[in-house]
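The first residue of the sequence shown is numbered 1, and numbering continues consecutively from there.
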Amino acid sequence: MDFRLSFIEFAIERQVLRFGEFETKAGRISPYFFNAGLFNDGAALARLCGFYAEAALAGGLAFDMLFGSAYKGIPLVSGVAIELAGRGFNYPFAYNRKEAKDHGEGGMTVGAPINGRVLIVDDVISAGTATRESVEMIRAAGGEPVGVLIALDRMERGQGESSAVEEVRRDFGLPVISIATLDHLMNFLYLSDNAIVASSREAIAAYRTRYGSNHNES
């Protein structure tokens, strides 16, 4: 099975990806919900970061280091660096603090010095605020952000016609690499022989017709 479909299967097994009726921050009733915070034990985090590593390598981006966006990006960037090292690619990594430290080493970032081409690691892109903060911090430190690596792209419009991922591409000129997208989720649902999972196909397809953005990825 393709690693992207394996990731969907894993997320369902861990109940990180659930089906039903869930109200989003935008007030929409979504037929599915994704909460990466439920990858909350060592084995789950290791496997999740393995999927991130696969997506990073498959994405074809050249980068020199990894950067995690606080807070969820902190364990993610650490785990992804470990998984990439296990595949023979040893990258330095850093992450930011929410508040500057005024003692010890001080500053807003922890880890390796920020320089060269930087790949940002986060769970999802919602409003794009965390991405904007990361881009500004990386550039201020002398690095150059080259892309954003996330778990799931819902391919859903924001307040306008574009999705948050599309806005990041447009506003910052950065490619966004995701482990999986709504396209992959739909493919998985059509292949699944699980009756409960398969029963969500029509609801998700209808939701996508109503709220989906126009970009398509395979």
Side-chain angles (χ1 to χ4, degrees), residues 3-4 7-8 11 16 25 34-37 39 45 48-84 89 91-98 108-112 114-158 160 162-185 213-218:
F3 78 87
R4 302 180 190 279
F7 169 71
I8 296 292
V16 168
K25 289 182 180 179
F34 181 83
N35 181 5
F39 291 118
L45 181 61
L48 169 64
C49 290
F51 285 120
Y52 269 102
E54 292 296 323
L57 296 175
L61 275 181
F63 58 93
D64 303 307
M65 69 175 296
L66 303 164
F67 182 86
S69 177
Y71 287 106
K72 288 183 180 179
I74 295 174
L76 292 176
V77 74
S78 308
V80 174
I82 291 170
E83 290 295 324
L84 284 169
F89 302 92
Y91 291 101
F93 69 93
Y95 53 88
N96 68 297
R97 297 185 173 98
K98 285 293 187 180
M108 287 293 295
T109 62
V110 181
I114 296 175
N115 53 56
R117 300 163 297 183
V118 185
L119 180 62
I120 300 167
V121 180
D122 211 341
D123 60 339
V124 295
I125 296 177
S126 298
T129 305
T131 301
R132 182 180 298 276
E133 292 174 352
S134 295
V135 166
E136 291 174 351
M137 196 171 301
I138 291 165
R139 287 177 176 165
E144 183 55 38
V146 294
V148 185
L149 179 64
I150 61 173
L152 181 69
D153 178 3
R154 288 177 60 99
M155 303 175 70
E156 183 175 326
R157 294 195 309 271
S162 299
S163 71
V165 165
E166 289 170 317
E167 289 170 356
V168 165
R169 293 190 178 112
R170 181 193 67 207
D171 295 347
F172 304 113
L174 296 178
V176 177
I177 300 170
S178 57
I179 300 174
T181 69
L182 182 57
D183 281 342
H184 299 114
L185 173 56
S213 64
N214 294 323
H215 80 282
N216 294 296
E217 297 182 1
S218 57

Report task. I would like to know whether Tyr52 and Ile179 meet side chain to side chain contact (heavy atoms under 4.5 Å, CB included); could you show each step before the answer? Result -> CA-CA 6 Å; Tyr52 269 102; Ile179 300 174; 3.8 Å; yes

Euclidean distance, [Y] [atom2] relative to [X] [atom1], rounded to 0.5 Å:
X	Y	atom1	atom2	result
Ser213	Asp153	OG	CG	7.0 Å
Glu83	Leu45	CD	CG	8.5 Å
Ile74	Asp122	CD1	CG	10.5 Å
Phe51	Ile8	CZ	CD1	9.5 Å
Leu66	Leu149	CG	CG	8.0 Å
Asp171	Thr131	CG	OG1	10.5 Å

If you define the side chain from C-beta out and look only at heavy atoms, does anything of [X] sit under 4.5 Å from [Y]?
X	Y	value
Phe67	Val77	no
Arg132	Phe172	yes
Cys49	Ile82	no
Met155	Val165	no

Query raised in the report: Where do Val80 and Leu119 land on the side chain to side chain contact (heavy atoms under 4.5 Å, CB included) test, with the steps shown first?
Result: CA-CA 11 Å; Val80 174; Leu119 180 62; over 6 Å; no

Requested in this report: Run the numbers on Leu182 and Arg154 for side chain to side chain contact (heavy atoms under 4.5 Å, CB included), then give the verdict.
Outcome: CA-CA 5 Å; Leu182 182 57; Arg154 288 177 60 99; 5.7 Å; no

Requested in this report: Could you give me the CA-CA distance, side-chain angles and deciding distance for Ile120 and Val135, then say whether side chain to side chain contact (heavy atoms under 4.5 Å, CB included) is met?
Outcome: CA-CA 8 Å; Ile120 300 167; Val135 166; 4.0 Å; yes

Please check if the side chain of [X] supplies one atom and the backbone of [Y] the other of a donor-acceptor pair under 3.5 Å.
X	Y	answer
Asp64	Arg117	yes
Tyr95	Tyr71	no
Asn96	Met108	no

Query - side chain to side chain contact (heavy atoms under 4.5 Å, CB included), paired with Ile150, selected from Thr181, Val176, Val121 - result: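 Output: one option passes, namely Val176.
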
Report task. Kindly assign one of parallel, tilted or perpendicular to the pair Phe39 and Phe7, based on the angle between their ring planes and the thresholds 30° and 60°. Result ->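 Correct class here is tilted.
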
